[in-house]
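In listed order, ligands and their atoms are each counted from 1. Position 1 is the first residue of the sequence; numbering continues from there.
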Amino acid sequence: MRAMVLRSPGQPLCETDLPQPAVGAGQVLVRVSACAVCRTDLHVVDGELPNAKLPLVPGHEIVGRVAGVGERAERFKIGDRVGVPWLGRTCGECRYCRSGRENLCDRALFTGYTLDGGYAEFTLVDERFCFWLPDSCSDAESAPLLCAGLIGYRSLVRAGDARRLGIYGFGAAAHIVAQVARHQERKVFAFTRAGDVAAQEFAKSLGAVWAGDSNLSPPEELDAAIIFGPVGQLVPQALKAVAKGGIIVCGGIHMSDIPSFPYELLWQERTVCSVANLTRRDGEEFLALAPRVPVRTEVESFPLVEANEALAHLRTGRLRGAAVLVTDSTPD
Ligand SMILES: [Zn+2]
Ligand SMILES: [Zn+2]
């Protein structure tokens, strides 16, 4: 099978022919039709996240059809459409797994990071961590739901019942969260890279009441802000923008250092927190909610072999919505 493989961090992915993996007990083999490209993939490829499997097939927002079923795998049959997210396996035994926080599992394995992922024609997955997908979107349009949507949703839940919600970094996750937030009758304020008028217009087209540069003050105080941009400087900026009791949710897996800031910005019960990974429950909740909004994802498709180009577009912000790699077998 064809795959795009990371051999050493900092280098481009190599197009490689790999043997088709053998299906083990409890596993399903998935023929990949679409795999979205996430900022986390960039952090993995650049070597900013430690202990990645090498060589590695990246990609953790996978949509495909079941092409093989292992012993004792019972949830799916050949031909079923499934989604494969970042959380690839958990131990089920640690204090986090036993307290409904499997996203923090001590021994978790992650798709496209410590397990091979979806930048390939096939991928092998633990069936317990796959999702059924709503029929409302095509394969390519569904792929960004599996991380941008899921982590975005977990971040939004963490923001509590904030009516006035800021979103810093208006990419794939933000364009989904903005739709869910509007559906929940929240007011969305979008912050982008300075001068990124296209992203600001995109945010307004999705219902943001205001969009501007990330160093600007919004026209009114916010109740919470979610930061998707991997830029530590945004934390004190967001703290300045939230009212007393405001929550800042950092939704990315990696961020540059947060500069020091006066305690006054945190005073009055403002909170800064992070969101890590996902639980299967997050996935089930979000995938049930998405068709009710309904979430419409904006995607830019690239052939699988152009994974390096897709990553380059994400790196420079030259994307509207999400980049998605599609294989030849992608049905329309
Ligand atoms: Zn565990
Ligand atoms: Zn991701």
Engineer: Before moving on, can you tell me the angle at the Zn ion (ligand 2) between the NE2 atom of His60 and the SG atom of Cys38, to the nearest 10 degrees?
Structural biologist: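 Nearest ten degrees: 110°.
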Engineer: Has Lys240 got more than 12 heavy atoms of other residues, nucleotides or ligands less than 6.0 Å from its NZ?
Structural biologist: no
Engineer: Step by step, work out the salt bridge (Lys or Arg N to Asp or Glu O under 4.0 Å) result for Asp80 and Arg75.
Structural biologist: CA-CA 10 Å; Asp80 283 346; Arg75 284 183 69 199; over 6 Å; no
Engineer: Would you say the rings of Phe129 and Trp86 are close, in the sense that their centroids are separated by under 6.0 Å?
Structural biologist: no
Engineer: Please confirm whether the backbone N or O of Val30 pairs with a side-chain atom of Thr123, one donor and one acceptor, at under 3.5 Å?
Structural biologist: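 Checking the backbone N and O of Val30 against the side chain of Thr123, no donor-acceptor pair under 3.5 Å is found.
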Engineer: Given the Zn ion (ligand 1) as the apex, I'd like the angle to SG of Cys94 and SG of Cys105, rounded to 10 degrees.
Structural biologist: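 Vertex at the Zn ion (ligand 1): approximately 120°.
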Engineer: Round to 10° and report the angle made at the Zn ion (ligand 1) by SG of Cys97 and SG of Cys91.
Structural biologist: 120°
